[in-house]
A.B. asks: 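Submitted below is the structure of interest, expressed as structure tokens.
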Amino acid sequence: MAEVVLKGVEKFYDNGFHAVKKVDIVAEDKEFVILVGPSGCGKTTTLRMIAGLETISDGEIYIGEKLVNDVLPKDRDIAMVFQNYALYPHMTVYENMAFALKLRKYKKDIIDKIVHESAQLLEIEDLLDRKPKQLSGGQRQRVALGRAIVRKPKVFLFDEPLSNLDAKLRVQMRAEIIKLHKKLDTTIIYVTHDQVEAMTMADKMVVMKDGVVHQIDAPLEIYNNPVNLFVAGFIGSPAINLIEGKILEKDGELYFSDGEITFEIPSRKELKNYVGKIVVLGIRPEDIYDAKFNQMAEKPQNIEAVCEVVEPMGNEFIVFLKTKNAKITARFDPKHSPSIDKKIKISLDTNKIHIFEKENGNKI
């Protein structure tokens, strides 16, 4: 078993800074768990506490059912892959990968076998005689992965491993790490600030902010059902549209109004308690359509907006619109590109909206 469990884990620094607050996370055996959030949210500190590189101030950490609060990093049976690769510059790729095995007094023929098997898995066999300075960023990342793999640990910990790579290589390495996880069949805990990375790679996503875990679930569940304004705004690219306004009631039906635009919304029981109150409405860009071509929304509500900017992305256009009181981003089919500075009618699929409390940001 390589299950990793954090129970009420906290981290206080000597200067009083409360970096991690009562964190409860379960990474099940063979699961790919990603901690995601903005810089300074506590995700790397949490990872370093799992690794034993940071002491925990309170709570418990278990690896494979063993309490590891006071266990040294070398005895936790984990391997960590760092953002800066942390390769020894004076050693060849082979020597970098073999180093941990030599420290464990493995026989030379066993080391050779393990290193070559790992190099073959990562397709870096032809690089074994090179030094790190002779490698590209992607090759160095593979070597860093190889150095972790040879140890055959219970758990792999990744600290923003792709952030130093260019965009194209990041996409390629994301796919490689997913394939690697399937081949190794082991537990991975991975830290990133890139929510696209988290969405595409994770079995389970942990969204953090200011040392607090806001939501833990499968990526699509978090995307479709964010628990609060922070999660809704952080997850998704382009970001969700957030519009402040009031809930109104007329003839038994509910409406949302920001003072200029007004449209009907589904009459959910819990929303009736907010009639006359200011709330925040969220709607994803893909749930907004050019009304002339809309065939998607089940119960569309049309409003007028002015097109400010159109960004052609090839398979879609990202369209930036404005009304008197709101800025709205939409994803349009490239065949339906609107004209800049022209007023158009857009359809909102109100079955896909989210309503949040203004005061605390929680979803209603």
Side-chain angles (χ1 to χ4, degrees), residues 19 32-54 73 78-100 115 118-119 121-151 153 155-184 186-202 205-209 219 234-237:
F32 197 136
V33 176
I34 293 188
L35 312 185
V36 64
S39 296
C41 72
K43 56 192 183 295
T44 292
T45 303
T46 301
L47 193 77
R48 288 174 62 84
M49 287 192 287
I50 296 169
L53 301 176
E54 293 270 5
I78 56 97
M80 195 157 178
V81 179
F82 296 93
Q83 177 180 349
N84 63 357
Y85 320 131
L87 302 175
Y88 298 110
H90 63 287
M91 293 183 182
T92 64
V93 168
Y94 182 97
E95 289 166 340
N96 266 283
M97 291 175 67
F99 186 69
V115 169
S118 300
L121 181 66
L122 292 162
E123 299 178 0
I124 54 172
E125 282 184 292
D126 58 334
L127 306 178
L128 291 175
D129 294 327
R130 294 191 195 178
K131 297 277 182 70
K133 67 180 180 181
Q134 298 171 296
L135 305 177
S136 68
Q139 289 169 334
R140 288 182 198 178
Q141 190 54 267
R142 286 172 188 267
V143 176
L145 288 169
R147 192 177 54 184
I149 289 167
V150 295
R151 295 172 52 192
V155 180
F156 284 93
L157 305 178
F158 289 78
D159 185 14
E160 305 219 30
L162 308 184
S163 60
N164 288 339
L165 305 179
D166 63 55
K168 184 178 179 182
L169 199 49
R170 276 204 305 273
V171 173
Q172 182 184 330
M173 286 303 297
R174 285 205 303 256
E176 293 296 328
I177 292 173
I178 292 168
K179 287 192 286 184
L180 189 62
H181 175 239
K182 289 177 180 175
K183 288 176 184 175
L184 296 174
T186 191
T187 308
I188 291 178
I189 302 177
Y190 186 111
V191 159
T192 182
H193 64 274
D194 185 336
Q195 51 92 18
V196 174
E197 212 167 283
M199 284 290 297
T200 54
M201 297 174 74
M205 202 156 72
V206 180
V207 185
M208 296 182 70
K209 181 191 178 190
F234 187 77
I235 301 299
S237 181

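Treat the numbers as computed from the prediction; the structure is a model and nothing was measured. Count residues from 1 along the sequence.
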A.B. asks: Measure the shortest side-chain to side-chain distance between Glu176 and Leu180 over non-hydrogen atoms and say whether it is less than 4.5 angstrom.
C.D. replies: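 Not in contact.
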A.B. asks: Taking side chain as C-beta onward, heavy atoms only, is Ile177 less than 4.5 Å from His181?
C.D. replies: no
A.B. asks: Yes or no on side-chain contact (heavy atoms from CB on, under 4.5 Å) for Ile149 and Leu121, after CA distance, side-chain angles and deciding distance?
C.D. replies: CA-CA 10 Å; Ile149 289 167; Leu121 181 66; 4.3 Å; yes
A.B. asks: If you round to the nearest 0.5 Å, how far is CD1 of Ile124 from CZ of Arg130?
C.D. replies: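 CD1 of Ile124 is found 11.0 Å from CZ of Arg130.
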A.B. asks: Taking the side chain as C-beta and beyond, is there a heavy-atom pair between Met97 and Ser118 under 4.5 Å?
C.D. replies: yes
A.B. asks: Going from CD on Glu95 to CG on Leu87, what distance comes out if it is rounded to the nearest 0.5 angstrom?
C.D. replies: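 Interatomic distance, Glu95 CD to Leu87 CG, rounded to 0.5 Å: 12.5 Å.
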A.B. asks: Which heavy atom of Asp126 sits nearest a heavy atom of Glu123, and at what distance?
C.D. replies: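 Heavy atoms of Asp126 and Glu123 come nearest at OD1-O, 4.3 Å.
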A.B. asks: I need the minimum non-hydrogen distance between Gln139 and Ser136, along with the two atoms involved.
C.D. replies: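 Looks like OE1-N, 2.9 Å.
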A.B. asks: In Å and rounded to the nearest 0.5 Å, what is the CG to CZ distance from Leu53 to Arg48?
C.D. replies: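 Leu53 atom CG to Arg48 atom CZ measures 5.0 Å (nearest 0.5 Å).
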A.B. asks: Could you walk me through whether His193 and Val36 pass the side-chain contact (heavy atoms from CB on, under 4.5 Å) check?
C.D. replies: CA-CA 5 Å; His193 64 274; Val36 64; 5.9 Å; no
A.B. asks: Counting C-beta onward and ignoring hydrogens, is there a side-chain heavy-atom pair between Phe234 and Pro38 closer than 4.5 Å?
C.D. replies: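 Counting from C-beta outward, Phe234 and Pro38 do come under 4.5 Å.
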A.B. asks: Does a side chain donor of either Thr44 or Asp159 reach within less than 3.5 Å of an acceptor in the other side chain?
C.D. replies: yes
A.B. asks: Could you check whether any side-chain heavy atom of Arg147 comes within less than 4.5 Å of a side-chain heavy atom of Phe99, counting everything from C-beta outward?
C.D. replies: no
A.B. asks: Could you tell me whether the side chain of Gln195 reaches within less than 4.5 Å of the side chain of Ser237, counting heavy atoms only?
C.D. replies: yes
A.B. asks: Has the side chain of Glu197 got a donor or acceptor atom that lies under 3.5 Å from a matching backbone atom of Asp194?
C.D. replies: no
A.B. asks: Quick one: closest heavy-atom pair of Ala19 and Thr45, and the distance?
C.D. replies: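 Shortest heavy-atom separation between Ala19 and Thr45 comes out as CB-CG2, 4.5 Å.
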A.B. asks: Check for a donor-acceptor pair, side chain of Lys43 on one end and backbone N or O of Gly37 on the other, with a separation under 3.5 Å.
C.D. replies: yes
A.B. asks: Which heavy-atom pair separates Pro132 from Asn96 by the least distance, and what is that distance?
C.D. replies: CG-ND2, 4.0 Å
A.B. asks: Just say parallel, tilted or perpendicular for the rings of Tyr190 and Phe32, cut-offs at 30° and 60°.
C.D. replies: tilted
A.B. asks: Which heavy atom of Lys209 sits nearest a heavy atom of Cys41, and at what distance?
C.D. replies: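 Nearest pair, atom of Lys209 first, then Cys41: CA-CB, 3.7 Å.
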A.B. asks: Report yes if some heavy atom in the side chain of Gln141 is under 4.5 Å from a heavy atom in the side chain of Asn164; otherwise report no.
C.D. replies: no
A.B. asks: May I ask you to test the Leu127-Tyr94 pair for a side-chain heavy-atom distance under 4.5 Å?
C.D. replies: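 No, every pair of side-chain atoms sits at 4.5 Å or beyond.
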A.B. asks: Hey, mind stepping through Leu145 and Leu122 against side-chain contact (heavy atoms from CB on, under 4.5 Å) and telling me if it holds?
C.D. replies: CA-CA 8 Å; Leu145 288 169; Leu122 292 162; 4.2 Å; yes
A.B. asks: Write down the atom of Leu165, the atom of Gly138, and the distance for their closest heavy-atom approach.
C.D. replies: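 Smallest heavy-atom distance, with atoms named: CD2-N, 3.8 Å.
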A.B. asks: Would Gln83 and Ser163 count as having a side-chain donor-acceptor pair, cut-off 3.5 Å?
C.D. replies: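 Note: Gln83 and Ser163 side chains meet the donor-acceptor criterion.
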A.B. asks: Determine whether Thr192 and Phe158 satisfy the following criterion, side-chain contact (heavy atoms from CB on, under 4.5 Å), listing intermediate values before the conclusion.
C.D. replies: CA-CA 9 Å; Thr192 182; Phe158 289 78; over 6 Å; no
A.B. asks: Any sub-3.5 Å donor-acceptor pair from Arg151's side-chain atoms to Ile78's backbone N or O?
C.D. replies: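 The answer is yes, because a donor-acceptor pair under 3.5 Å joins these two groups.
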A.B. asks: Please identify which of these residues, Met173, Lys168, Arg174, meets the side-chain contact (heavy atoms from CB on, under 4.5 Å) condition with Val171.
C.D. replies: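 Going through the options one by one, the only one that passes is Arg174.
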